[in-house]
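What follows is a single structure, written as structure tokens, with notes after it.
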Amino acid sequence: MPQLSTKNIFSKYRYWLTIATPQSVWHARFQRVYIAWLSFSKNPIAMTGLYIILSLLILAMFAPLITSGDGTSQELQNRLLAPSANHWLGTDELGRDIFDRIVWGSQITLYIVILVAIIVLPIGLLIGTVAGYIGGWVDTILMRVTDIFLAFPRLILALAFVAALGPGLDNAVLAIALTAWSPFARIARAETLTIRNSEHILAARVQGASTTRILLHHITPLCLSSVIVRLTLDMAGIILTAAALGFLGLGAQPPMPEWGAMISSGRQYLLDQWWVPTIPGIAILIVSMGFNLLGDGLRDVLDPRSGEG
Amino acid sequence: MKLIKRGVYSVLALVGLTFLCISSVAYAKTPSNTLVMAKSISDLITLDPAEVFELTGGEVICNIYDRVMMFEAEDLTKLVGGVAESYKISGNGKTVTFKIRSGQKFHSGNPVTASDVEFSLRRVVHLKKTPSFILTQFGWDKDNVDKLIKATGPMTVSVTNNSDFSAGLLLNALSAGVGSVVDKKVVMSHEKNGDMGYEWLKTNSAGSGPFSLKTWKANELVVLEANPEHRHGKPKMKRVILRHVAEPAAQRLLVEKGDVDMARNLTPDQIKGLKGKKGIVIDNNAKAGSVYMATNNTHPILGNADVRKAIRYVVDYEGMANSFLAGQYKVHQSFWPGGLWASLENNPFKQDLTKAKSLVSKAGHGKGFKIVIDTLTTAPFPEIAQSVQQSLSKIGVEAEIILSEGKTLWPKYRARKHELIIARWSPDYVDPHSNADAFAHNPDNRQEAKLTGKPAWRTSWDDKGITALTEAAARELDLVKREQMYLDLQRQFQQTAPFTFMFQSSEQLVRQDRVKGFVSGANFDLVFYRLVSK
Amino acid sequence: MGLKTPLGLEGMVNKSFPPPIVGQLFRLFSSLILTFIGLTAITFIIGRVMPADPVLAIVGDRASREVYDAMYLQMGLDKPLIQQYLIYISNVVQGDFGKSIMTARDVLDDLIRFFPATLELATIATLIGVFIGVPMGVGAAVYQGQWFDHLVRVIGLFGYSVPIFWLGMVALLIFYGWLDVLPGPGRIEVFYDGVVNPVTGIILIDSALQEEWEVFWNAVDHLILPSTILATFALAYIARMTRSFMLDQLNQEYVLTARVKGLKESSVIWGHAFRNVLVQLITIIGLTYASLLEGSVLTETIFSWPGIGQYITTSLFNADMNAVIGGTVVVGICFVGINILSDALYKLADPRARGD
Amino acid sequence: MIDARDLSITFGMGASAVHAVQKVSFSVKQGESYGIVGESGSGKSTILRALAGLNKDWSGELRVKDVILSRKRSIDFYRGLQMVFQDPYGSLHPRHTVNDILNEPLIIHKFSDRERRINQVLKEVGLGSDYRFRFPHQLSGGQRQRISIARAIIISPSILLLDEPTSALDVSVQAEILNLLQGMRAAHNLTYILVSHNLSVVAHMCDRLAIMNAGKIVEELDVEHLRQKTPEHPYTKQLLQASTGYDRSIADTLEWFD
Amino acid sequence: MQYLLNVEKLSVSFETPKGVVDAVREISFTLGKERLGIVGESGSGKSQTGRAILGLTSKNGSVSANHILFDGADLSRMTERDMRKIRGARISMIMQDPRYSLNPVMRVGEQIAEAFRVHTRASRRQAKDRTIEMLNRVKIREADKVYNLFPHEVSGGMGQRIMIAMMLIPEPDILIADEPTSALDVTVQLQILSILDDMVREQGMGLILISHDLNLVSSFCDRVLVMYGGQILESLNASDLNNAKHPYTRGLLNCLPSLERQGELAVLTRDPKWLEGGYNIP
């Protein structure tokens, strides 16, 4: 029996991933992802983004191992300490370790990102594709509603929703989602309009496919990529909005280490203890930069039509 | 690379233009005849003295209007006549007759007469705005007030007390904002639909105080202008500007740079950073404001007397007072602030988690429970709440904090829907009854009674004995006995009330050293600008 | 002979034809009305389900029951919601937006006071975004893959990713606190207040008209920092979109045609490609402008800028719903208005869109 | 088999209305291959789309297998009639594999022997089962068009509508596809309607053809007449002349159409 | 023979994500005052040849040649600046689809006039007069009206005539027409060609007609180059097309459907040897 070195296994998988004659649907899909990955991984900017998001994930997953506490334990005698060996990023106004709080805060950031995506994607896709494909008065009504939400000052609408629902992280996320779906509906609709008269949709109609089938199997997968790209790019905006709500006291409630709220409560220390508001600011900057980079890269991979490269 | 060059040039041109603008600035720091203060004035919603009940509003009308009775800037401990030169109390102690100082003039030039005083007091009762209770508690209502408050001559006004309360309390009450004397002619000339000039006076002034209102732009600034005709003489500052700066950090920058003469809302940590800076002075003024915690008696767990007691032992009073509250709050555990007449200066409670824990176990909640802490969004409330939360967690109580603006917090409190609330209080006038009436007086605890103005009712604290004691103290004419009654009341209150009074506030003013003579009294509406010089 | 369109009829299935002018006016009008109704209705409902109590906002937390009840009735809160809404709408139609609790003034007066401040800030920010962002984007596209392109990308990324409230604070600290080259927060030094009569409400214009140059320059100084901070996002967005549009256009065949003609590269870029980019940019700039008008809340907060964003936000916290609705409607109508305007400009700039 | 009576198709309304097809009548017999020739904008594809139910703005009478068609078509209708489109790049869903593409009509029409049919049809269009799990972008233009044809015939329809099936292909590939289509018709006894602007292609493929111009059929003739170059209508003559290559003398006789 | 253009060993290759693609491989040919056709299927490199001559290969491509001699100068070694003087003025190019090759936001008249003004010191007025004259020459009626139209307002045939006018207004020596008629209907196609024909004759230009349509090219041109896989497989006089020797050329001719032939079409089978020079016929 021939001995298989790791190199052999590797090249075997590579062969399997690139062979021109895939043997099953899953094989074909794996190949597709692999090819996309190849072009994605050649893009250093996109990879930087991916690394940032991956680090965020790792931070969030291993928060209990990385940190010494849960980020909420106070030591009033150790308030506002500058970064040092004991407290890598210093301590805040209640003597909490800022590094711990940043690490635990990554979970909150992820939570916001995931929850918003889960809410926004289906709503935007559903409204956009239905409006775009069916057209007529359905389109008119749906788009009018979308326009109203678009015309609403976004942060103010979010503020109003949180004010109505009561402050808190979940409500903030819900409010952001309620204000964030409208651009996605617009994109999905625009995308649908260009797709709906393409010959493969006509072909599906001639095969007798129902409207639901066309929407789900034909149009949605095509809208998905541009919507996902936009969502990734918007994630930065969403994180910033969540942070802004936190900043205005309507997002995560204390002592949750939400980064925006950390800036908010730390902002009075900017002059004398710069690290208190600055470090969460940089954390937000890095993560939203990560999403932006990733979004750029995804666009290059998923949406080669656009000129940005 | 020609294109890039072009781009670079245009950017350079823009940058150059920007710096041109900058260099054109000759930094005019504040003019020498103007006092500029950085302060958060978002609470300012009205300037009608019959309605003003907010901190900033109280301060502003204190400088626009003279009141019937006053604590004057020169001596804040003595209640003296303001608009009234003297008063006489009738034999039965029910009627007080005021003699109006002659030669006083309103900003309009109209003389101040008895009919203005009569109008001003009656107006408060008729308009029935929030602070009107300060007067109506003396048994006045819109039907009888025209009989009970009367100008008996051009310069004399008689005021008849229709309640059991003492005349001393009445005199104190007339030193509150509702005791401000407004210019009847001017106000009535702006009357609309029988509103006694209310809509107009909200945003305008018609007083006889040292300053008149020039501009009020909500959330932007208030500009006051000196009244050269004031009875104490012309104030040294020609103008006083309250500039709205919501961000404490911005306030700090402004005062450090000399762009304002005074910063009013700095946090202790910021003040620590300013200490020793050249040209900057920090003043400490004791204030009558309190920070307290209220538990809801209708709550199944918090209603328990032992749990309430345990909470008193949970709070890390010293820890907070020595860290983030240092300099602006000191520990004070009774409802009437320290340093005043009838103050109780003992602080019997200290953080004692073992004791707290055993009290909670005794109440049968040793396994711990969950509660919600409601508090305000502004410093230092979130920090206090987090400290309390942390301490509670050590005796097994898991607390969730909700920060809200007052307008969201108060409805919850007033509807008895809170669990544990951390809030603040300032007396309406300088008499212990002001606070006792709110915290220790609950004559009708039924839900439908809706005594929503009283924290005692809000927490559903139905203690007949305490209520009776409060009423008796208010009636007592003998000052020595009265003081003793308030001390007793406070001691009982400390042990049994669903309120944990934690801190008394102290104002830290940061000013340029050339600014002198700013007088800030214990109460929020006793802030005087007229002695300020630069 | 037969009708010929460049696309061929097959391509025109289901394509809507440009409606006549009456139809467009109708659409414009109806979209304004619908936006207005939608905005007011949503805000109204939010205002009523909010836990903040507008009555308490007026009477304060210590008000007695009687005082509270009297105000409750006076504000008409006892009526059914729909009736309250209808009353509100009928007042608005008569030009009465009600009174603000917070400022004790008519909401309309407040809007006239606060909106120009935001308009001033957003306009300057948009101008900065356009005049710096567009050349940056064009340059990046022309020098795709070179250092200038990377620089623009990094700047764009930063502008996209930075939390504006944080950047504002840091900028204030650096330029005012440390370097002392720019003034602190506020729209103008307070003691200049009242020197200039508000005519348009835009201090730059008013002071220039009244030749109060000291005030003018003071206002300019105060504008630099907040407008630059506000412009970061706009600049990033505009530069990025310009770059992408430009790359798109540079790949078009007409650009090749222009080169075949022997045109200089600068004429090819600015005379041909950029003219097409400009058409697309109109929408983007309009959108940016609208979003700056509504998105200046945080900048206004940091810089104590008495603008409409801050007005709406503070009103919201104070349950001052008349002010919130009024402000939202103004901003929303502006949004729709700018969109319609940029649509019209687009039609003017792009001959293909001018359906005649 | 297929009858059109007074078929008119109008897009838009009022002044801006476009009368794409005006009162067109024709009929196609069972097993026949019928061509429609015309230049761009003549309305030829529009007719095909109306027939396939992709266009609802028509009036007149359409009949397939003696059933009068309504605007909404049933699934059964599509069971008997399929269509092949012009653009081999646009007519296949870019995110579906060949397997997905071929499977879909089988699912819609509830076939149970899907596996067998897919393999068989792939063989029939000259692509082995190696191609089954590829995505369209992994195929050449000719291969894609083969998949389009496979998709159309996999549910064994009796009528195939061909909308310029080779105009986007190189001539060498065109030949292969035309041969394939010829073979299919013979093997499955299909009825074709072929729309093209290329007279040679139509002449090669069809028995009978209609010449369209500006929404009208100007002439209907059988392929023999075309071969002998004896059409009657001047437009047909012009088209015929123009199709044979560049000839200066002919070019000078042509009318401008703009 | 007197030639206008002499191309020797021209190669064009592109850097793509999948590696370097050789679009044109060492081709050589000459052009006199004649109509030279370049025929090939898609991807044969015929369009890239045209662009390479004008120095307009896109950024990711690289061009090499022993020389591209034009009027005594080697275009392949010319600076961009000098090349600009050649483009338009001396060598012009017409592209496939006027829908894309005209600037959509510029009036067509201005676009033509611009082409004139780039290379002359003509005033606006003169340029406009010249443009109108040129529009008349390409048989556009109401030329002054058409002058003010936008590209989307003209039909494909007219658009292509406008392109011709634009490219011929500076009176170049060589015109490269890259599939100038393949987006047009057959009748219009002939008309466009007849205009090109006139122009070539009147101005004594050299014309390179790039097309995939063997029939059309052979009936229009004097000489035909057949390209496949980036190489010239065969070069022959148009009249000799039916005697083409290369199997590829023959195959292309045979697989065309025609009115005359019936039955199965011949299928072209490709031989890799073609690209190894085995059949290279000079």
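- The nearest pair of heavy atoms linking D:Ala50 to D:Ile9 is CB-CD1, 3.7 Å.
- No other option in D:Arg132, D:Arg79, D:Gln86 has as many heavy-atom pairs under 4.5 Å with chain A as D:Gln86.
- Residues of residues 134-152 of chain D that come within less than 4.5 angstrom of chain A, heavy atom to heavy atom, are D:Arg134, D:Phe135, D:His137, D:Gln138, D:Arg151 in numerical order.
- Residues that satisfy the side chain to side chain donor-acceptor pair (under 3.5 Å) test with D:Gln174, not counting sequence neighbours, are D:Thr166.
- Annotation: maximal heavy-atom pairing with chain A below 4.5 Å, among D:Glu104, D:His109, D:Met83, D:Gln82, occurs at D:Glu104.
- The candidate from D:Ala52, D:Ser74, D:Pro94, D:Gly53 with the greatest count of non-hydrogen atom pairs under 4.5 Å with chain A is D:Pro94.
- By the 4.5 Å heavy-atom criterion applied to side chains, A:Ile112 and A:Ile239 are not counted as neighbours.
- Of all heavy-atom pairs spanning D:Val125 and D:Leu180, the tightest one is CA-CD1, 3.9 Å.
- No side-chain N or O of D:Thr97 forms a donor-acceptor pair with one of A:Arg32 less than 3.5 Å apart.
- Residues that satisfy the side chain to side chain donor-acceptor pair (under 3.5 Å) test with D:Tyr192, not counting sequence neighbours, are absent from this structure.
- For D:Ile107, the part lying under 4.5 angstrom from a heavy atom of chain A is the side chain only.
- Residues D:Glu61 and D:Ile68 meet the side-chain proximity criterion, which asks for heavy atoms closer than 4.5 Å.
- The aromatic rings of D:Tyr34 and D:Phe26 lie parallel to each other, their planes meeting at an angle below 30°, with 60° marking the opposite boundary.
- Using the six-membered ring where Trp is involved, A:His218 and D:His96 have ring planes that are perpendicular, over 60° apart on the 30 and 60° scheme.
- With contacts defined as side-chain heavy-atom distances shorter than 4.5 Å, the pair D:His197/D:Ser42 does not qualify.
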Verdict with supporting geometry, A:Leu125 and A:Phe184, side chain to side chain contact (heavy atoms under 4.5 Å, CB included):
CA-CA 7 Å; A:Leu125 275 174; A:Phe184 294 93; over 6 Å; no
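- Note: D:Leu92 leads D:Leu81, D:Ile75, D:Asn99, D:Leu92 in heavy-atom pairs under 4.5 Å with chain A.
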D:Ile193 vs D:Leu161, test: side chain to side chain contact (heavy atoms under 4.5 Å, CB included). Steps then yes/no.
CA-CA 5 Å; D:Ile193 297 184; D:Leu161 307 181; 4.0 Å; yes
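- Taking 4.5 Å as the heavy-atom cut-off, none of the residues of residues 131-141 of chain A approach chain D.
- Residue contact with chain A, scored on non-hydrogen atoms closer than 4.5 Å, involves the side chain of D:Asp100 exclusively.
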